[in-house]
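The structure appears below as C-alpha cells.
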Amino acid sequence: MPVENADIATIFDEVADLLEISGASFFRVRAYRNASRVIRDLSRSLASMTSEPGFKLEDLPGVGKDLAAKIREILETGDLRLRRDLERDVPVGLIDVTRVAGLGPRKAHALFLELGVTDLESLGTAAKLGEIQGVKGFGPKTEANILEGIYAVKGLGNRTLWADAERKVRAVMEHMSAVPGLKRLEAAGSFRRRVETVGDLDILVVCDDPDAAAARFVTIPGVSRVVARGPTRSSVVVDGEFQVDLRVVEEDSFGAAMQYFTGSQAHSVALRSMALRKGLKLNEYGVFRDDEKIAGATEEEVYGALGLPLIPPELRENRGEIGAALEGRLPSLVEQSDVRGDLHLHTDATDGRASLADIAAAAKRKGYLYAAVTDHSKRVAMVKGLDERALLSSWREIEKLNERMSAFHLLKGVEVDVLEDGSLDIADDVLSRADFVIASVHYNTNMTRARMTRRIVKALENPHVDALAHPSGRKLNKRPPYQVNMEEVIAAAARFDAALELNSAPRRLDIDDQACRSARDHGVKVCISTDAHDVSELDFMRYGLNQARRGWLEKDDVLNCLTYRSLMKRLRH
DNA sequence: GCCGTTTTCGGCCCGACTGTTTTCAGTCG
C-alpha cells in the first residue's frame, strides 16, 4: 500500500495536536501543522517525487532536516515512532476534547491530569458530576459551557456547503442592513474565499454606533446562543450549529480588516512575515511603519504597501499566490461572462425533470452559444438510462430542434457509464455519432485504488470520450472520493486529450481546486458543467466557477469557454 | 522545528474576549 500525501499530513496533524496538549513549544507545533498543509497541498505524491533524482524533501517550504527524516520514516514504515510515543503519554481522545468550544490544549491537559479525562465521554461525566469547577482555573461557568459544548461537537462535524452558507449570509446581511448609521457591511472569511464548505461566517461593519450594531446582531433570527458580545467583536450561534462573528471596524481600517478576516490564516501569516521583513507591521488595523499608519482603508492599499497587487480572495491560501503576485504572474481568473455553454445536462428522457425543449430554451436564455444534452446510458436502469436505439432517436429530436433555433446549438451527447472493467456502456459505433461524450462512474465504486485508476484510465483511452464526469465521485459531507490516483487520471487525460469535468453541483464540486490546478499545469482542459436535472439548476454554474477560480483557472483552461466553432473543431476526432 | 538582505542563534503574526483571577492565562480566529 503506497503512502499517500494525506496519510503523512494526517500523522503530522495528530502529532501537532498531541504535542500541543503535552505543552510543547507553540512554534514546534506550528512547524508540524505547516508541513502538514504544504504536503496536503502538493499536487503530486511524495512517494513518487522522492524517487526522482535531484528531488530533496528539504526543498519543500517548512520542511527541514528533522521533518524530512520523519517524512522518510512514514514513507518507509507507514507510521511514525514519535506519534506512537506521544500516544502513550497523551490519550488521543483529548484531541476531541479540545474541539469543545472554550477548551484548548492547556485546559484539556489539565483535566486529564486532575480528573483523568481522556475523551468526550469522560469529559461529559466529569462535567455532570460537577467535578470540573473544582479544578484550578475552571469555574461553574466553564463547566456549564462544556456541557453545552459537548453537545455541539457531537452534533456538528459537518461544515456548511458554500451554497447553503450563501443563503445564510443573505439573511444575516439583510438583517444587519437595518443598523442605524451603517456605512459598510461585507462578508469575509472562507465564504469570501469561496471555499467549497464554510465553517463559520465573518461579517464586517463600519457604522456610527458600534453598540447598536452589536445589539442588532444578537437578534439575528435563529440565534440559539450568544458566545461573545463586545464593542468590536461579537459572536453568535444560529440554527444551533452555525457560528457568525461580527467585527465592528473603523472606516480607515476597513481594508486591513477585510484582508485579515478574509484570510486564509496561512496567507495572512505569510503576509505579516513579509511585512516584518520590510520593517513594517501588518495587523487588522492597517500597515504600520514604526507607529505611523501607512495603509488600511482599502485592501488595494494594504497589498500595495507590501509591494503587491491585490490578490483575489479565491487565491489566498498561501499556495504560491504571493510569489506569483510579486512576479506579476497572477492568473486572470475565469468569469461567468467567459462561459459559452454547458456540457452536462439531463432531460426527462431519464432522470431530469425538464423537457428537452425547455432546458434547451433555458440554456439559450442564459446567453450560451451551445449546450450538450447528456442523458444517462442504459446501465443506470433505475432512471431508465438510454440504450443505443433510444439514444439515436433522442439525437434525431435534437437535430430537429437545432433546425428551429438560431445562434444556439444543442450538442448530441451522452453521459455514458464506465463499466467495472473500464469499457463503456454504449457501443463505439453509436458513440462515434455523438457530438459530446462524457464518461462517468456510478456503480461498484468500492474497488481498490489500483483497479479504479485502471478502470478510469481505460475509459479515457476510448477515442470517443471527450470528458470524464465528476472524476472523484465525492459528495461533500456525504461520501468520500473513490480510491483513485488522480495524478494518473490527469496524466491520462493529457495523453488522450480528454477534458476533466468540474461538476458544479454544490455537493459535488468535483474535481476540487487542487486538481483543477494540477489539470491546468498538465495542459488538461476542464469543463465546468452543471449536471442540471432541471432548468433552475443551470444556475449551479457559478458554484463551479468559484471552484475553478480557486483552482487558478483562466478562460483558456476551460473547455466550455471556447466558441462553438472552436469547440466542435476540438471535439471532432 | 524552521529559517536567514539582522544567516547557525534567536526570533517566529497578533489582537479581542472570557472566565477566572485580582493582573492574567487560555482560547479563538
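Lettering follows sequence order; numbering is per chain, from 1.
Comparing B:dG1, B:dA16, B:dT18 against the side chain of A:Phe27 picks out B:dG1 as the nearest. In this structure, the nucleotide among B:dC17, B:dG1, B:dG15 sitting nearest to the side chain of A:Lys70 is B:dG1.
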Can you list, pair by pair, the side-chain donor-acceptor contacts under 3.5 Å of residues 56-68 of chain A, counting residues two or more places apart and other chains?
unit_1  : atom_1 : unit_2  : atom_2 : d
A:Asp66 : OD1    : A:Lys70 : NZ     : 2.7
A:Asp66 : OD2    : A:Lys70 : NZ     : 3.2

Without placing hydrogens or testing angles, list every side-chain donor-acceptor pair under 3.5 Å for residues 22-31 of chain A, not counting sequence neighbours.
unit_1  : atom_1 : unit_2  : atom_2 : d
A:Ser22 : OG     : A:Leu18 : O      : 2.9
A:Ser22 : OG     : A:Leu19 : O      : 3.0
A:Ser25 : OG     : A:Phe27 : N      : 3.0
A:Ser25 : OG     : A:Arg28 : N      : 3.2

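A:Asn283 has a side-chain polar atom (N or O) that falls below the 4.0 Å cut-off from OP1 or OP2 of B:dG15. The side chain of A:Thr232 contributes an N or O atom lying less than 4.0 Å from OP1 or OP2 of B:dC17. For A:Ser273, a side-chain nitrogen or oxygen approaches OP1 or OP2 of B:dC13 to under 4.0 Å. Under 4.0 angstrom from either OP1 or OP2 of B:dG15 there lies no side-chain N or O belonging to A:Tyr285.
Nucleotides B:dC13 and B:dG4 are separated by 14 Å at their P atoms, to the nearest Å. Comparing B:dA16 with B:dT20, their P atoms are spaced 22 Å from each other, to the whole Å. Separating the C1' atom of B:dT6 from that of B:dG10 is a span of 10 Å, rounded to the nearest Å.
Between A:Arg520 and A:Glu554 there is a salt bridge, since at least one side-chain N of the basic residue sits less than 4.0 Å from a carboxylate O of the acidic one.
Across all strands shown, B:dT8 forms no Watson-Crick or G-U wobble pair with both key distances under 3.5 Å.
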For every nucleotide of nucleotides 19-29 of chain B, 5' to 3': is a protein heavy atom under 4.0 Å from its base (B), only from its sugar-phosphate (S), or from neither (-)?
-> SS-----SSSB
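No hydrogens or angles considered: nothing links the side chains of A:Gln514 and A:Arg40 as a donor-acceptor pair under 3.5 Å.
Side-chain contact between A:Pro506 and A:Phe540: present, with at least one pair of heavy atoms (C-beta onward) separated by less than 4.5 Å. At least one side-chain heavy atom of A:Val238 sits under 4.5 Å from a side-chain heavy atom of A:Val223.
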